[in-house]
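Heads up, the thing below is written out as structure tokens.
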Number of protein chains: 2
Amino acid sequence: MTADERQKFLDAREEFITRWGVMGTQWGINRTMAQVHALLMTNPEAMSTDEVMEALQISRGNAHTSLKELVGWDLLRIITKKGERKEFFEAEKDVWKIFQAVARERKRREIDPALQVLENCADETKGLKGTDVETFNKQMTELAEFVSLVSSMGDKAANMAQSRAMQMALKILS
Amino acid sequence: MTADERQKFLDAREEFITRWGVMGTQWGINRTMAQVHALLMTNPEAMSTDEVMEALQISRGNAHTSLKELVGWDLLRIITKKGERKEFFEAEKDVWKIFQAVARERKRREIDPALQVLENCADETKGLKGTDVETFNKQMTELAEFVSLVSSMGDKAANMAQSRAMQMALKILS
DNA sequence: CTAATCTTTCAAAAAATACTGAAAATAGGC
DNA sequence: GCCTATTTTCAGTATTTTTTGAAAGATTAG
């Protein structure tokens with residue numbers, strides 16, 4: 001690989017890290033966390049907190065928080081190397097497993113609480129008379145049913161062992 | 001309906017609007033916009049800008065921006081009443097259509113640009129040698145393929161005419 | 001136990017985002 | 001044309017979120 005080719009790679013990787021960060025914010029994920037994820041996902045080796053700080057030019061606190069959060073999402077694993085005292089972080093690279101981890105976490109944090117609100121609102125206004133109450137109750141009921149259906153489809157999809165199974169599903173759907 | 005029952009309804013509706021707003025921020029949507037959506041989705045009549053301002057206690061500028069943005073997402077329609085000069089806004093209430101609108105918009109704004117970045121990054125580093133470049137290229141390629149697959153599944157799902165079709169799909173998947 | 005290394009926390013600062021309100025622009029009626 | 005009702009914009013302000021960096025807390029080795 002020529003120096004020129006290497007530069008192309010470094011540029012592409014930096015572009016990816018930057019863009020992944022911006023995307024993260026659009027999906028309600030913090031920019032740094034997304035960048036740390038992008039960095040580790042494209043690194044052949046596990047990295048230490050200090051290496052991440054250096055690579056992304058961020059503070060220790062910020063690096064620490066993002067790394068631990070990603071471990072909590074099951075997107076990173078903690079590795080200890082023999083003879084080394086510090087922790088190293090290694091990213092899950094299998095795209096299917098990444099998808100599963102993200103889906104699991106979003107369901108737990110967002111879908112499930114939303115469903116509770118919807119079901120509760122539907123319940124509180126069940127059987128009451130009046131145009132506005134009925135509009136409200138109908139909407140809550142339908143949203144609850146729909147979210148529940150989508151959520152359960154998500155579960156099924158996430159439990160497929162292989163991304164290949166999804167290609168099959170795609171075929172069925174078309 | 002007793003005064004007590006009516007209060008229960010008003011409380012439930014307010015709870016829904018508040019919670020939908022918080023949920024919105026978690027999904028990368030602005031709180032006010034989500035609240036305006038919640039308000040109109042549960043209102044039997046179309047509402048004017050002033051009515052929305054009054055109901056949510058927000059400024060004209062804020063109300064205006066949120067309403068127009070929601071129109072851009074196809075989640076609200078503009079209505080004009082005869083004899084009235086101002087615009088009224090009416091929400092799409094069909095949950096399936098709401099889902100389609102959101103999916104369409106997110107795909108356009110987030111998935112498609114992401115896919116471009118991934119494909120471009122994969123392209124720029126195709127065929128280069130070295131552990132790190134190869135790790136990077138492999139990851140970009142796999143992510144691009146995966147995102148493309150999911151996106152295409154989303155398309156198919158969104159094009160189903162009825163939510164009933166999804167229940168069928170769910171059955172197939174289980 | 002002590003010292004060295006590494007991890008975690010968190011108050012304060014910085015940055016990003018959202019909101020207000022008033023002024024400017026637009027559209028309708030006469 | 002002018003007047004009025006309504007919509008749109010946007011600079012300034014307020015709020016929320018993120019980041020820093022230093023101090024406190026752990027953990028391991030000797």
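As the structure is a computational prediction, the values presented were derived from the model and not from experiment. The sequence lines fix the lettering, A, B, ..., with proteins before strands; numbering per chain opens at 1.
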- When the ring planes of B:F16 and A:F136 are compared, do they come out parallel, tilted or perpendicular, using 30° and 60° as the limits? perpendicular
- Specify whether A:F146 and B:W96 have parallel, tilted or perpendicular ring planes, treating 30° as the upper limit for parallel and 60° as the lower limit for perpendicular. perpendicular
- Task: Compare every heavy atom of B:M1 with every heavy atom of B:R6, then report the nearest pair and how far apart it is.
- Result: NH1-CE, 3.3 Å
- Note on the structure: The residue among B:T65, B:L40, B:L75 that forms side chain to side chain contact (heavy atoms under 4.5 Å, CB included) with B:L70 is B:L75
- Task: Please determine if a side-chain N or O atom of A:H64 lies less than 4.0 Å away from the OP1 or OP2 oxygen of C:dT8.
- Result: yes
- Item | Which atom of A:Q35 lies closest to which atom of A:I17, heavy atoms considered | CG-O, 3.5 Å
- Cation-pi check, B:R104 to B:W73: give yes when NZ or CZ is under 6.0 Å from the six-membered ring centre and within 45° of the ring axis, no otherwise. no
- Residue pair B:F88/A:N62 against DNA chain D: nearer the 5' end by closest nucleotide is B:F88
- Per nearest nucleotide of DNA chain C, the residue lying toward the 5' end, A:K68 or B:A63, is A:K68
- Separation of atom CG in B:D50 from atom C1' in D:dA5, rounded to whole Å: 11 Å
- Message: Are more than 12 heavy atoms, taken from residues, nucleotides or ligands other than A:K93, located less than 6.0 Å from that residue's NZ atom?
- Response: yes
- Message: Looking at C:dC19, I'd like to know if its phosphate oxygens (OP1 or OP2) sit under 4.0 Å from a side-chain N or O belonging to B:T32.
- Response: yes
- Separation of D:dT17 atom P from B:R31 atom CZ, nearest Å, is 6 Å
- Task: Compare every heavy atom of B:L128 with every heavy atom of B:E134, then report the nearest pair and how far apart it is.
- Result: CG-O, 3.7 Å
- Task: Return the residues of residues 73-83 of chain A meeting this criterion: a heavy atom under 4.0 Å from some atom of DNA chain D. Order them by number, or give none.
- Result: none
- Write down the distance between CD1 (A:I58) and C1' (C:dA13), rounded to a whole number of angstrom. 17 Å
- Task: Mind calculating the distance between CD (A:E69) and P (C:dT8) to the nearest angstrom?
- Result: 13 Å
All N/O contacts under 3.5 Å from nucleotides 22-27 of chain C to the protein, with atom names and distances to one decimal?
from	atom 1	to	atom 2	distance (Å)
C:dA27	N3	B:R85	NH2	3.3

- Query: Is there a donor-acceptor pair closer than 3.5 Å between any side-chain N or O of A:E84 and the backbone N or O of A:K86?
  - Reply: no
- Closer than 4.0 Å, any side-chain N/O of B:N30 to the OP1 or OP2 of C:dC19? yes
- Item | Separation of atom CD in B:Q57 from atom P in C:dG21, rounded to whole Å | 11 Å
- Starting at atom CD of A:E84, determine the distance to atom C1' of D:dT27, rounded to an integer number of angstrom. 15 Å
- Message: On the nucleotide D:dT7, are OP1 or OP2 found under 4.0 Å from the side-chain N or O atoms that B:K86 carries?
- Response: no
